[in-house]
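Presented below is the structure to which this report refers.
In what follows, every heavy atom counts, from backbone to side chain, and hydrogens, waters and symmetry copies are set aside. Just so it is clear, the model here is predicted, and its values are computed rather than measured.
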Amino acid sequence: MAVQKAVELIGSGATVDEAVGEALDRAGLTLQGITSFEVTRIAGDVDGARLTYQVQLRVWFTLLEPVHG
């Protein structure tokens, strides 16, 4: 039986897709077994004509079983 845990993350980028991808890519550096995500908030900053999106994500991953040997 698998047990999952969720963490909250915030990513930013020039598009919503880029912001989500950045958050998931960075999470993948330290979390193994990411299974799904949910965007819980989208916000942004305006600097002249430049937009930067910030997305808040809830990311689920499977907790790994320790190997005893």
Side-chain angles (χ1 to χ4, degrees):
M1 179 179 289
V3 175
Q4 293 200 324
K5 181 175 182 169
V7 295
E8 299 282 334
L9 303 173
I10 296 175
S12 61
T15 66
V16 172
D17 284 347
E18 188 178 300
V20 169
E22 176 67 19
L24 291 173
D25 286 347
R26 295 289 298 273
L29 296 175
T30 56
L31 297 175
Q32 294 181 13
I34 294 174
T35 59
S36 60
F37 70 92
E38 173 186 19
V39 175
T40 56
R41 181 174 175 265
I42 299 173
D45 294 320
V46 179
D47 183 11
R50 182 174 173 221
L51 301 177
T52 302
Y53 292 91
Q54 294 178 339
V55 295
Q56 183 172 347
L57 306 172
R58 183 171 296 126
V59 177
W60 284 269
F61 60 98
T62 301
L63 295 176
L64 301 175
E65 295 293 325
V67 177
H68 299 285

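Cluster membership check: Val46 shares its hydrophobic cluster with Val16, using side-chain heavy-atom separations under 4.5 Å among Ile, Leu, Val, Met, Phe, Trp and Tyr. Linking Ile, Leu, Val, Met, Phe, Trp and Tyr whenever their side-chain heavy atoms come within less than 4.5 Å leaves Ile10 and Leu31 in two separate clusters. A continuous path of Ile, Leu, Val, Met, Phe, Trp and Tyr side chains, each step under 4.5 Å between heavy atoms, connects Val39 with Ile34, placing both in one hydrophobic cluster. Val59 and Leu64 fall into different hydrophobic clusters, defined by Ile, Leu, Val, Met, Phe, Trp and Tyr side-chain heavy atoms under 4.5 Å apart, directly or through other members.
Side-chain N/O atoms of Gln4 and Thr62 include a donor and acceptor closer than 3.5 Å.
Scanning all heavy atoms of the two residues, the minimum distance from Thr15 to Tyr53 falls at CA-CD1, 3.7 Å. Considering every non-hydrogen atom in both Gln54 and Ser12, the closest pair reads CG-CB, 4.2 Å. Ala19 and Gly13 get closest at one heavy-atom pair: CB-N, 3.7 Å.
Note: Thr52 OG1 to Glu18 CD = 9.0 Å, rounded to the nearest 0.5 Å. The line from CH2 of Trp60 to CD of Glu38 is 4.5 Å long, rounded to the nearest 0.5 Å. The CG atom of Leu9 sits 10.5 Å away from the CZ atom of Arg26 when rounded to the nearest 0.5 Å. Here the straight-line distance linking atom CD of Glu8 with atom CZ of Arg58 works out to 4.5 Å at 0.5 Å rounding.
Other residues, nucleotides and ligands place more than 12 heavy atoms under 6.0 Å from the CZ atom of Phe61.
The closest side-chain heavy-atom distance from Thr40 to Leu57 is not below 4.5 Å.
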